[in-house]
Structure formats: structure tokens, C-alpha cells
Amino acid sequence: MSDTILALLGFATVIAVIVLLLRNVTVPALAFVSVSTITAAILVATGAFTLDEMAGFIKEGVKGVHGTAILFIFSVLFFGVMTDAGMFDKIIGALMKKVGNNVVGVA
């Protein structure tokens, strides 16, 4: 498989994850895992890489991002619980009272 095809498959993977996240089709963790798994299956099926090579890529990738992934999971859970408890209601209410419908003011 040529480098151009690999690059296009990589861009398609990133675009697929972004589309799934922006359209609220699935939860973020499932989007990352499922799209990456499909891409890996395509690469193995086309003979670009072997299963052993894919396993090595996965090990190196997990080793590099496991700390960030744990922080991501914690932040989603933490802010989800805090939002459900109403902790941010007063802050958001005060902000909306001050800026109204001005998107630039919120930013």
C-alpha cells in the first residue's frame, strides 16, 4: 500500500471521529476505539501490516497516551456529575445574564 493511500486512510479516520463526535452519534471513547479498530482491520485485510505489527503499534500508542486517557475519562465523569448536581447553574446563569445571546461575549 502506498504512502499516499495510508495518509488518506489516516485523514479519513480523523474526519470520521470528528463527524461522529460533532453529530453526537456516539460517546467519545466508543468513537475513538471503534473507528481506530475499523481502520486497523482495513490495514490488516489489505496486507499493509500484519497482526503482530498492529499489536506493536497498539502497545506503543497505549503506552504513550494512557495518562491522558485516564485524565480524559476522569474529567468527563467529574464534570458530568457536577453538572447533574447543578454546581454550574449559578455561574452559567450569571454569565448568561451578563452577555445575553452574544456568542462572542461568552467566548
Side-chain angles (χ1 to χ4, degrees):
M1 183 174 282
S2 72
D3 291 341
T4 304
I5 301 293
L6 286 174
L8 290 174
L9 188 58
F11 282 121
T13 301
V14 172
I15 290 169
V17 169
I18 291 170
V19 167
L20 288 173
L21 293 176
L22 290 179
R23 293 195 178 187
N24 290 326
V25 174
T26 183
V27 295
L30 186 59
F32 289 122
V33 171
S34 62
V35 173
S36 298
T37 303
I38 292 169
T39 303
I42 291 170
L43 289 170
V44 170
T46 58
F49 296 103
T50 64
L51 283 176
D52 290 335
E53 288 174 321
M54 275 297 159
F57 295 152
I58 292 168
K59 286 178 187 175
E60 287 299 314
V62 169
K63 192 185 308 181
V65 299
H66 73 278
T68 304
I70 292 169
L71 182 64
F72 174 75
I73 292 167
F74 170 76
S75 66
V76 168
L77 292 172
F78 176 79
F79 286 107
V81 169
M82 292 299 113
T83 301
D84 289 344
M87 183 171 183
F88 303 117
D89 290 347
K90 289 188 179 194
I91 296 170
I92 292 171
L95 178 66
M96 294 309 293
K97 184 188 246 185
K98 185 170 180 118
V99 298
N101 291 330
N102 185 0
V103 177
V104 176
V106 173

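For reference, positions follow the sequence shown, starting with 1.
Other residues, nucleotides and ligands contribute over 12 non-hydrogen atoms within 6.0 Å of the CG atom of Asn102.
Side-chain heavy atoms closer than 4.5 Å link hydrophobic residues (I, L, V, M, F, W, Y) into clusters, and following such links, even through other members, never connects Phe32 to Ile70. No path of Ile, Leu, Val, Met, Phe, Trp and Tyr side chains, each step under 4.5 Å between heavy atoms, connects Leu20 with Phe11, placing them in separate hydrophobic clusters.
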Listed pairs under 3.5 Å, donor-acceptor, residues 82-90 side chains, sequence neighbours left out:
residue: Thr83; atom: OG1; partner: Phe79; partner atom: O; Å: 2.7

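For the side chain to side chain contact (heavy atoms under 4.5 Å, CB included) with Phe57, the qualifying choice from Glu60, Lys59, Met54 is Met54, the only one to do so.
Of all non-hydrogen atoms in Ala31 and Leu21, the two that sit nearest each other are CB-CD2, 4.0 Å.
Contact of the Leu30 side chain with the Val27 side chain is registered, since non-hydrogen atoms from C-beta on lie closer than 4.5 Å. The shortest distance between side-chain heavy atoms of Val19 and Ile15 falls below 4.5 Å. Counting only heavy atoms from C-beta outward, the side chains of Leu9 and Ile42 approach each other to under 4.5 Å. Here the side chains of Ser2 and Ile5 are in contact, with some heavy-atom distance below 4.5 Å.
With hydrogens and angles ignored, the 3.5 Å screen pairs no side-chain donor or acceptor of Ser36 with any backbone N or O of Val33.
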Residue pair Leu77, Val81: steps toward the side-chain contact (heavy atoms from CB on, under 4.5 Å) verdict: CA-CA 6 Å; Leu77 292 172; Val81 169; 5.5 Å; no
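A distance of 6.0 Å separates CG of Leu43 from CG of Leu6, quoted to the nearest 0.5 Å.
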